[in-house]
Amino acid sequence: MPRHIVCLTFDFDTQSGFIARGMTTPTPLSRGEFGLVGARRILAFLRSRGLASTWFTPGFTIESHPKICDEVVAAGHEIGHHSWAHIPPATQTRAEEEADLVRANAAIEKLTGQKARGYRSPSWDLSDHTLDLLAAHGFLYDSSLMGADYWPYRARKGDKAELGRPYGFGEATGLIELPISWSLDDHPHFEYMRGPQGIMPGLQSARAVMQNWHDEFLYMRKSVDWGILTYTMHPYVIGRGYRMLAFEDLVAKLLDGGAVFMTMEQAAREAEQRMWGP
Ligand SMILES: [Zn+2]
C-alpha cells in the first residue's frame, strides 16, 4: 500500500532573523512582525482542514510573542527547536551554540511541557558540533541537511572534505535526518532582500512556485512507494494574501492526490519504524 507523507513546516522566526543580521531599524522589524498576521492565517487554514504541522520556533519568538505560541500549541501543532536567537551555529563556538540550544529548549519546555524532539538550524548551516550536541541533548531528528529528498537517513558526523583528496565519510549518528531543500523553502522564492552582499530578488509568482512544489509531490508518488516530502515556510513570507491563496490550493491538490499529512516528529517515528525498526 503506497503511502506518501507530507510535512508542512513553518519557521516561526518573526523578528529574530532580522535582529541576527543586524537589521534593527523599524521597517525590517515590522517585516518580521508581519509573521504574527501570517501565523493567524495559517492556523485558521490548518484548523479548517484538520491538519497537523510543525513550527520551528526560536526561543526569541516564544518569549516575545507568547500568546500566539500558546495558540500554535493549543491547536495541536508540534514545536521544533530553531535556536534561541537565530544565529547560524556555524558562526558560534561550541560553548555559545550549546548555551543557545539549552536556553531555547528551556523556553520550549516551558511552552509545551517537554523539550523539543526535532531541530532545524537557523539559515540551514550546521556547525561541526551541532550533531554531537543534538545527540547529547536527546533529539530524535534534524531537518537541516540536503542529502536526499523523499527518504530520511541517519545524519553522519565527522565527514572529511579536503581539497585534492577523496571524500571521507564519517559515522552515522542515531539522529534521523528529514532532509530539506532551498527549492522547497518559500524564503528564497519570495523575499526581496537587499544587503551588503547584493540583492536577492525573490518576488516570484506564488502560483508558479506552488506548481513546482506540487510537481515535487507528483514525482515522489511516481518514484517511491513510501516517502516524506517536507515543505518549509515562514509565516511572514507565505502569510501574504496572494501566497496564502496559492498555498491553500496546493494543499487541496495534495489532499486530492492522497498525501498523508503529519508532524515531523510523527514522520520521524514512522521512518524509524519502517527503515530501522525490528
Ligand atoms: Zn529561521
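Both ligands and their constituent atoms are indexed starting at 1 by order of listing. As the structure is a prediction and not an experimental result, all values here were calculated from the model.
- If you look at His86 and ask which of its N, O or S atoms sits nearest the Zn ion (ligand 1), the answer is NE2.
- Here Arg243 does not pair with Asp186 in a salt bridge; the nearest charged N to carboxylate O distance is not below 4.0 Å.
- The Zn ion (ligand 1) has an N, O or S atom of Asp13 inside 2.8 Å of it.
- Between His137 and the options Lys115, Glu98, His81, a side-chain hydrogen bond (donor to acceptor under 3.5 Å, both in side chains) holds for only Glu98.
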The test is side-chain contact (heavy atoms from CB on, under 4.5 Å); show your working for Ile238 and Tyr231 and say whether it passes.
CA-CA 11 Å; Ile238 202 73; Tyr231 297 113; over 6 Å; no

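- Dense packing is recorded around CZ of Phe45, with more than 12 heavy atoms of other residues, nucleotides or ligands lying under 6.0 Å away.
- For the Zn ion (ligand 1), the N/O/S atoms of His82 include one lying under 2.8 Å.
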